[in-house]
Amino acid sequence: STAKYLKGAFFWHLDGTTDDVPVKATTLTARQVAMTGGGTDFAGTYAAYESLPEKDRERYESLRVVHSFEAAQRLVDPDPDERELAVRRSRPTHEVSLVWRRRDGRRSLVIGATADHVVGMDPDDSRALLDELLDWTTQERFRHTHDWQVGDLVVWDNTGILHRALPYDENSERLLHRTTVVGDEAFA
């Protein structure tokens with residue numbers, strides 16, 4: 001069901017990592033809020049990249065990462081049946097640079113729930129690196145939590161902000177309207 005796939009939103013992610021050109025920006029407007037929980041966490045991948053030690057930035061420049069719907073859903077349900085696995089694998093994967101070199105010169109990390117593996121790296125080492133970078137990027141100094149109130153409008157740059165929904169009761173009346181701004185810059 002769609003509701004099951006939406007549980008992937010509880011994990012840090014960027015929108016559009018399996019697309020050639022990702023979403024540029026996203027807006028959420030709170031129409032109804034959860035009685036408890038249901039906030040949204042944001043973490044800056046530009047600031048996280050810029051704060052890395054120089055030797056790490058140099059090391060990461062040449063790495064490429066495969067992103068997939070399957071990787072994100074593995075976090076929701078790590079042991080799918082054959083039919084579910086086939087659905088996940090029917091969605092396209094996308095290989096991108098770990099460090100997105102933007103045309104304006106800024107650089108950000110392309111990581112999150114869809115980051116399946118680093119190309120050419122031992123699977124255990126790859127997972128360890130991706131987890132380490134996610135932990136680095138989502139530390140408190142790069143993070144903001146928004147606790148929703150009805151009428152709030154939040155806009156963010158999807159090219160450099162990881163986000164995730166915080167848990168709330170599935171019977172909650174929480175309703176956020178989402179609008180996305182189509183991107184105009186491919187991953188590079």
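For clarity, every value in this text was computed on a predicted model and none was experimentally measured. Just the heavy atoms: all of them, side chains too, but no hydrogens, waters or symmetry mates, feed the values below.
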Under 6.0 Å from the CD atom of Glu61, do we count more than 12 heavy atoms belonging to anything else shown?
-> yes
Quick one: CH2 on Trp136 to CZ on Arg141, what's the gap to the nearest 0.5 Å?
-> 4.5 Å
Do the side chains of Glu50 and Arg106 get nearer than 4.5 Å, heavy atoms only?
-> yes
Indicate yes or no: at least one non-hydrogen side-chain atom of Trp12 is less than 4.5 angstrom from one of Thr137.
-> no
Any ring pair (Phe, Tyr, Trp, His ring centres under 6.0 Å) pairs touching residues 159-184, not counting sequence neighbours?
-> Phe10-Tyr168, His13-His163, Trp156-His163
Test log, rule side chain to side chain contact (heavy atoms under 4.5 Å, CB included), inputs Arg57 and Val99 | CA-CA 8 Å; Arg57 284 185 294 198; Val99 177; over 6 Å; no
dist Lys24:NZ -> Asn158:CG (nearest 0.5 Å) comes out at 12.0 Å
Test log, rule side chain to side chain contact (heavy atoms under 4.5 Å, CB included), inputs Asp184 and Arg103 = CA-CA 11 Å; Asp184 62 357; Arg103 63 179 168 229; 3.1 Å; yes
Note: Glu58-Lys55 ion pair, threshold 4.0 Å (strictly below) = no
Does Arg107 count as lying over the ring of Tyr49, i.e. NZ or CZ under 6.0 Å from the six-ring centre, within 45 degrees of the axis?
-> no
Atom pair OG1 (Thr114) and CG (Leu14), whose distance is rounded to the nearest 0.5 Å = 7.0 Å
Can you find a heavy atom in the side chain of Phe187 that is under 4.5 Å from one in the side chain of Ser97?
-> no
Between Arg102 and Thr159, does a side-chain hydrogen bond (donor to acceptor under 3.5 Å, both in side chains) hold up when you go through it step by step?
-> CA-CA 9 Å; Arg102 302 293 309 280; Thr159 68; 2.7 Å; yes
Search all heavy atoms of Leu75 against all heavy atoms of Ala113 and return the closest pair with its distance.
-> CD1-CB, 3.7 Å
Do the non-hydrogen side-chain atoms of Leu162 and Ile111 ever get within less than 4.5 Å of each other?
-> yes
Quickly, which of Arg89, Arg91, Arg88 forms a side chain to side chain donor-acceptor pair (under 3.5 Å) with Glu70? Name it, please.
-> Arg89
Would you mind checking if Arg178 and Asp15 are paired as a salt bridge, meaning a charged N to carboxylate O distance below 4.0 Å?
-> yes
Of all the heavy-atom pairs spanning Val110 and Trp100, show the shortest one and how long it is.
-> CG2-CB, 3.6 Å
Yes or no on side-chain hydrogen bond (donor to acceptor under 3.5 Å, both in side chains) for Asp19 and His94, after CA distance, side-chain angles and deciding distance?
-> CA-CA 7 Å; Asp19 300 328; His94 194 232; over 6 Å; no
With rounding to the nearest 0.5 Å, note down the distance linking CG in Leu153 to CG in Leu176.
-> 11.0 Å
Atom pairs and distances, donor-acceptor, side-chain atoms in residues 33-42, under 3.5 Å, two or more places apart:
| from | atom 1 | to | atom 2 | distance (Å) |
| --- | --- | --- | --- | --- |
| Thr40 | OG1 | Trp148 | NE1 | 2.9 |
| Asp41 | OD1 | Thr145 | OG1 | 2.4 |
| Asp41 | OD2 | Arg164 | NE | 3.0 |
| Asp41 | OD2 | Arg164 | NH2 | 2.9 |

Spacing of CG belonging to Leu134 relative to OG1 belonging to Thr45, to within rounding of 0.5 Å | 11.0 Å
Taken to the nearest 0.5 Å, the spacing of Leu129 CG from Leu133 CG works out to 4.5 Å
Look at atom CD of Glu54 and say whether more than 12 heavy atoms of other residues, nucleotides or ligands are closer to it than 6.0 Å.
-> yes
